[in-house]
Structure formats: C-alpha cells, structure tokens
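Here is the structure we will look at.
By convention in this document, chain letters (A, B, ...) are assigned in the order of the sequence lines, proteins followed by strands, and residues within each chain are numbered from 1. Everything quoted here is computed from the prediction, not taken from an experiment.
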2 protein chains.
Amino acid sequence: MKRTDFKNCSCAMQRSMGILGTRWKPIIIYTLRDRKARFGQLDALIENISRKVLTSSLKELEEDGIILREEFKELPPRVEYALTEKGKALIPIMCQLAKWNEEYYEEPAPLIL
Amino acid sequence: MKRTDFKNCSCAMQRSMGILGTRWKPIIIYTLRDRKARFGQLDALIENISRKVLTSSLKELEEDGIILREEFKELPPRVEYALTEKGKALIPIMCQLAKWNEEYYEEPAPLIL
DNA sequence: CGGAATCCCATTTGATACTG
DNA sequence: CAGTATCAAATGGGATTCCG
C-alpha cells in the first residue's frame, strides 16, 4: 500500500499520514509558519534538505491544498510559497510537535576528542 | 542523511521528525491513546499494517521512550504496549492531527461501475 | 533563480512462511 | 501469541548537471 493511498482510508489519522507522513513535509510546513518563502530560501532555511526532495514535497503539498505557489513573471524568476488556510490550521500542531521535543530532549553527551 | 540522524539536529522540529517522521508511528501512537494493547490487537486495529513494520516501529518507539513494552511470562505469551509519559504528551497532538483531517476532508467521488 | 532530468543508493514497507 | 526470517518491491533521498 502506497502512502498516497492513505488519503482515502476510513481512519482520519491514516488520511493525515497520507498527506504528512514523511520526514520533510512537517518541517517544510513548520518553516512556513510565520513567513512566505521563496524556493531558495526554503533550501537555505531547512538544513540538509536536497533540492529534489524540496521540489517534490512542495508539489505534493500544493496538490493536497496545504501550500500555495505564486509565480511572478519577472527576470530573474521569483516564486513564493505560502500556507493556505488548510495549511495554516496545521501551524499550532506543528509548533506543539516542536515544543514537545524541546520538553523531552536530552542533550547528547559531548564528544571528547 | 538518515532519519535517525535527525534526532540530534539543532532544530526541534527536525528532532521530532527523527522520532515520528514515518507513515506508521503516529498511527500507532494514536491507536494507543486510550488503551493498552497487545501485539495482535494492534495488528488488528491498524488496518493494512504489516507485522514486520509493526514490530520494528514498536521497537524504535520503545528505544525513543515513547512506549513501554510489558512482557508477561505466561503461556501463551502475552505482551502489552502502552504509552509512557513522553508518549502520552503526544496524545492531544495526534488527536488534533486526526481532527484536522476530518475538518478538511472531502469524500472522494464514488466510482460508478 | 527555480527548478527539471538523470543516475544511483538507502531506507522503508510489504507478503509470506516459519518458530518458541 | 508474538514475534523472526526471508525475500522482494516501492519509496525516499542525494549528487550532479542542465535549462529557460
């Protein structure tokens, strides 16, 4: 069963995971919680993400109605990504998820070299 | 970069995804929100999950301090899984995630065959 | 600048059968 | 019952190059 098939499951949680159940998508949404951002900005803001994953994730999130892609016909080209209402509804949830980690996170012991 | 490497990132959201950023783990946690459950119960309650994925997910969630595995020395064997405090702290978040989907979910058009 | 295209590897997920 | 073992397949992910 592929992930996107989850979207039509009878369980709401499974449907949510059909949209969000990857490593990077929640991070992208979290990054857009308080700003629009251009492709290059997202690439810079999100550590370690590759352009390919960023591209495909943005496309899928757009298809799922989470983000909006706005293309300006300029030179050099400019594209801005922002959350839709449906996406904005996820902001508090994403923030709680980050906060949850901070509350239970234990620093890894520093390596002595 | 593998998912588990996320756990030591500087970004709290990335660290959360290092623990939860898969299809099935949030669903497992959600299923345990109001009950303990045995392995077989989880397998039955969670539609379409395979035993292998269930096994490995439970093991990792235990390592990450999200769930507790209690093994009873009986015959036939009995094992119960329950959320830890750290895991319980995720319950409201998981519930909001399910609720989010219900609010924005549109029934797929029925197929006419 | 914002991708798309290509190539390739790693990880995740899955089906099935078997075991203490 | 609660897993393992095994094998296979899908998906995710990354590096690099190219283009309008």
What's the closest nucleotide to the side chain of [X] if the choices are [options]?
X: B:Lys52; options: D:dG3, C:dG14, D:dA2; value: C:dG14
X: B:Arg69; options: D:dG3, D:dC1, D:dG12; value: D:dG3
X: B:Pro76; options: C:dG3, D:dC1, D:dG13; value: D:dC1
X: B:Met1; options: C:dG3, D:dG20, D:dG14; value: D:dG14

If I take atom [atom1] in residue [X] and atom [atom2] in nucleotide [N], what distance separates them, rounded to the nearest angstrom?
X: A:Phe6; N: D:dG12; atom1: CZ; atom2: C1'; value: 15 Å
X: B:Ile49; N: D:dG3; atom1: CD1; atom2: P; value: 13 Å
X: A:Phe39; N: C:dG3; atom1: CZ; atom2: C1'; value: 6 Å
X: B:Ile28; N: C:dT12; atom1: CD1; atom2: C1'; value: 13 Å
X: B:Glu80; N: D:dG3; atom1: CD; atom2: P; value: 12 Å
X: A:Leu58; N: C:dC1; atom1: CG; atom2: P; value: 17 Å
X: A:Lys73; N: C:dC1; atom1: NZ; atom2: P; value: 18 Å
X: B:Asp43; N: C:dT16; atom1: CG; atom2: P; value: 14 Å

Distance check: side-chain N/O of [X] vs OP1/OP2 of [N], anything under 4.0 Å?
X: B:Arg23; N: C:dT12; answer: no
X: A:Lys59; N: C:dA4; answer: yes
X: A:Arg3; N: C:dT12; answer: no
X: B:Trp24; N: C:dT12; answer: no
X: B:Tyr81; N: D:dG3; answer: yes
X: A:Arg51; N: D:dG14; answer: no

Does a side-chain N-to-carboxylate-O contact under 4.0 Å join A:Glu80 and A:Lys36?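 Looking at A:Lys36 together with A:Glu80, the answer is yes, because their closest N to O distance falls below 4.0 Å.
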Against the six-membered ring of B:Tyr30, is B:Arg33 placed for a cation-pi contact (under 6.0 Å from the centre, within 45° of the normal)?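 Yes, a cation-pi geometry.
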So, the side chain of B:Arg15 versus the backbone of B:Asn8: is there a donor-acceptor pair under 3.5 Å, distance only?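 Side chain of B:Arg15 to backbone of B:Asn8, a donor-acceptor pair under 3.5 Å: no, none is there.
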Do side-chain atoms of B:Trp100 reach the backbone of A:Gly87 as a donor and acceptor pair under 3.5 angstrom?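 Not confirmed, B:Trp100 side chain does not pair with A:Gly87 backbone.
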What's B:Thr55 touching, base or sugar-phosphate or nothing? Going by heavy atoms closer than 4.0 Å.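 Answer is base: heavy atoms of B:Thr55 come under 4.0 Å of a base.
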Does the side chain of B:Ile28 come within less than 4.5 Å of B:Ile67's, by heavy atoms?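 A side-chain contact under 4.5 Å is absent here.
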Nearest nucleotide by nearest heavy atom, which residue falls closer to the 5' end of DNA chain C, B:Ser50 or B:Leu75?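 The residue closer to the strand's 5' end, by nearest nucleotide, is B:Ser50.
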Can you tell me if B:Lys99 has over 12 outside heavy atoms packed within less than 6.0 Å of its NZ?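 No, because the 6.0 Å sphere around NZ of B:Lys99 holds 12 heavy atoms or fewer from other groups.
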Confirm from the modelled atom types if B:Lys2 and C:dT11 form a donor-acceptor pair under 3.5 Å, side chain to base only.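 Answer is no: no donor-acceptor pair is held.
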